[in-house]
Enquirer: 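One structure coming up, written as structure tokens, with questions to follow.
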Amino acid sequence: MDQLLIALDVPTGAQALALADSLRDVAGGFKIGHRLFTTEGPDFVRTLARSRDRVFLDLKFHDIPNTVATAVAAATSLGAWMINVHAAGGLSMMQAARDAARETAAAERREPPLVVAVTVLTSLNAAMLAETGVRGTVVDQVMRLAELAQTAGLDGVVASPQETALLRQRCGPDFVIVTPGIRGGGAQTAGKDDQERTMGPAEAIAAGASYLVVGRPIIAAPNARKAAEDIAAGVRGSGLGVRGSDS
Ligand code: C5P
């Protein structure tokens with residue numbers, strides 16, 4: 001399923017490659033996060049990109065604009081298909097990220113990666129947000145940050161499926177909405193793990209998600225391939241997996 005991005009949150013490159021090989025035709029792409037990038041480094045990104053996999057490099061850059069711009073340029077050169085930054089880094093940081101991706105891609109004659117902004121982590125609820133000094137509801141904070149990301153010219157945001165319908169309405173049909181926090185409805189784990197604001201895969205697509213990021217419900221399942229197929233079948237069965245080339 002073109003919209004299913006599988007988080008390769010495993011300890012070693014060998015395990016991640018084995019997972020990618022077994023899931024390639026069910027997945028729309030693979031997400032490389034902090035753990036795998038820290039253990040395996042940029043070569044692992046190059047390896048998947050060379051296999052023509054769409055790589056979402058989930059390093060959530062959040063620093064001063066110049067530092068983020070140079071990191072985004074480096075990620076673009078690696079062949080990442082999607083890169084993210086924290087919207088809380090502010091407008092000029094996001095603009096610097098956008099410009100770096102476009103300029104690097106143009107100089108290297110490659111497609112620019114999608115640059116999306118994390119709004120509020122799906123592991124946070126209102127009480128946790130208040131502990132960080134952010135007053136008001138989670139939804140208000142997500143909308144504020146999404147509008148800032150759109151003003152900066154980013155391609156979209158990462159947000160929980162619970163905010164997706166409102167984001168789609170506010171930010172329009174072309175804004176990319178990436179939703180982790182997928183649980184239930186075929187994406188089973190024993191509980192929610194550390195995710196707070198969750199939803200099932202078909203419902204998240206129905207709410208307007210462009211891409212689902214799914215980790216543990218697939219990679220920790222006894223049969224990862226069957227888990228991924230069940231999620232794809234659930235979305236297809238709902239008649240909503242319509243973007244791109246579904247497999
Ligand atoms: O295992 P699970 O399905 O919860 O994995 C979700 C993945 O999405 C993890 O790799 C996590 O780092 C990532 N993510 C998230 N919430 C965000 C951004 C990324 O859960 N806001």
Side-chain angles (χ1 to χ4, degrees), residues 3 5 31 33-34 56-76 80-106 111-182 195-199 204-205 207-213 243:
Q3 291 159 281
L5 307 180
K31 187 176 84 64
H34 291 114
F56 172 16
L57 189 56
D58 177 22
L59 297 181
K60 301 184 182 70
F61 297 129
H62 187 176
D63 210 315
I64 59 173
N66 182 63
T67 302
V68 166
T70 53
V72 167
T76 303
W81 160 77
M82 183 187 285
I83 296 168
N84 59 1
V85 299
H86 266 287
L91 185 66
S92 50
M93 189 207 77
M94 288 192 277
Q95 287 168 331
R98 174 205 63 196
D99 293 347
R102 288 187 188 161
E103 286 159 18
T104 306
E111 275 290 303
L114 295 166
V115 182
V116 298
V118 176
T119 52
V120 175
L121 293 171
T122 45
S123 55
L124 296 178
N125 59 28
M128 295 166 179
L129 208 54
E131 284 167 359
T132 70
V134 177
R135 303 281 162 210
T137 67
V138 171
V139 171
D140 283 347
Q141 180 67 358
V142 169
M143 295 305 144
R144 185 178 300 124
L145 292 173
E147 280 162 14
L148 197 64
Q150 198 164 34
T151 304
L154 293 202
D155 297 291
V157 288
V158 184
S160 105
Q162 294 186 3
E163 293 100 39
T164 299
L166 191 57
L167 278 171
R168 180 58 69 217
Q169 197 187 316
R170 293 260 185 103
C171 300
D174 298 329
F175 203 55
V176 171
I177 304 174
V178 181
T179 62
I182 302 298
Q195 298 287 12
E196 282 287 331
R197 309 191 320 279
T198 63
M199 199 182 268
I205 295 286
S210 316
Y211 298 101
L212 309 180
V213 171
R243 279 168 215 254

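None of the values given here were measured: they were computed from a predicted structure.
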Enquirer: Would you name the heavy atoms of Leu148 and Ala87 that are closest together and state the gap between them?
Expert: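 Distance-wise, the nearest heavy atoms are CD2-O, 4.2 Å.
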Enquirer: Identify the two heavy atoms, one from Ala204 and one from Ile182, that lie closest to each other, and give their separation to 0.1 Å.
Expert: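 Smallest heavy-atom distance, with atoms named: CB-CD1, 3.8 Å.
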Enquirer: Can you tell me how far the CD atom of Gln150 sits from the CE atom of Met143, to the nearest 0.5 Å?
Expert: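 One gets 11.5 Å once the value is rounded to the nearest 0.5 Å.
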Enquirer: Among all residues two or more places apart in sequence or in another chain, which pass the side chain to side chain contact (heavy atoms under 4.5 Å, CB included) test with Arg102?
Expert: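 With sequence neighbours excluded, Arg102 shows a side chain to side chain contact (heavy atoms under 4.5 Å, CB included) to Arg98, given in chain and number order.
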Enquirer: How close do Asp174 and Arg168 get, heavy atom to heavy atom, and via which atoms?
Expert: N-NH1, 4.4 Å
Enquirer: Nearest heavy-atom pair of Thr164 and Ala209: which atoms, and what distance?
Expert: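 Taking every non-hydrogen atom into account, CG2-N, 3.3 Å.
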Enquirer: Is there a side-chain contact between Met82 and Leu57 in this structure, where contact means two heavy atoms from C-beta onward sitting under 4.5 Å apart?
Expert: no
Enquirer: Heavy atoms, side chains only, cut-off 4.5 Å: are Thr76 and Pro112 in contact?
Expert: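 No; the side chains remain at least 4.5 Å from each other.
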Enquirer: Nearest 0.5 angstrom please: Lys60 NZ to His34 NE2, how far?
Expert: 5.5 Å
Enquirer: What is the minimum heavy-atom distance between Lys31 and Val213, and which atoms define it?
Expert: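 Residues Lys31 and Val213, closest heavy atoms: CE-CG1, 3.5 Å.
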Enquirer: Measuring only between side-chain heavy atoms, which start at C-beta, is Tyr211 closer than 4.5 Å to Val116?
Expert: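 A side-chain contact is absent here, since even the closest heavy-atom pair is not under 4.5 Å.
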Enquirer: Do any N or O atoms from the side chain of Thr179 and from the backbone of Ser160 form a donor-acceptor pair under 3.5 angstrom?
Expert: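 Such a contact is absent between Thr179 side chain and Ser160 backbone.
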Enquirer: Check side chain to side chain donor-acceptor pair (under 3.5 Å) between Asn84 and all other residues, then give those that pass, not counting sequence neighbours.
Expert: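 Result, side chain to side chain donor-acceptor pair (under 3.5 Å) vs Asn84: Asp58.
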Enquirer: Looking at CG of Leu212 and CD1 of Ile177, how far apart are the two atoms once the value is rounded to the nearest 0.5 Å?
Expert: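 Rounded to the nearest 0.5 Å, the CG-CD1 separation comes out at 11.5 Å.
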Enquirer: For a quick test of your reading: what N or O donor-acceptor pairs under 3.5 Å do the side chains of residues 120-127 make, sequence neighbours left out?
Expert:
from	atom 1	to	atom 2	distance (Å)
Thr122	OG1	Gln195	OE1	2.6
Asn125	OD1	Ala127	N	3.2
Asn125	OD1	Met128	N	3.0

Enquirer: Any non-hydrogen side-chain atom of Val157 less than 4.5 Å from a side-chain atom of Leu145?
Expert: no
Enquirer: Grab the two heavy atoms, one from Phe175 and one from Leu154, that are nearest each other, plus how far apart they are.
Expert: CE1-O, 3.9 Å
Enquirer: Which pairs, with at least one residue in residues 150-167 and sequence neighbours excluded, count as a salt bridge (charged side-chain N to carboxylate O under 4.0 Å, His left out)?
Expert: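 Sorted result for residues 150-167: Glu163-Arg197.
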Enquirer: Does anything in residues 132-154 form a salt bridge (charged side-chain N to carboxylate O under 4.0 Å, His left out)? List the pairs, not counting sequence neighbours.
Expert: Glu147-Arg170
Enquirer: Please tabulate, for the side chains in residues 61-73, all donor-acceptor contacts under 3.5 angstrom to protein atoms that are two or more places apart in sequence or on a different chain.
Expert:
from	atom 1	to	atom 2	distance (Å)
Thr70	OG1	Asn66	O	3.2
Thr70	OG1	Thr67	O	2.8

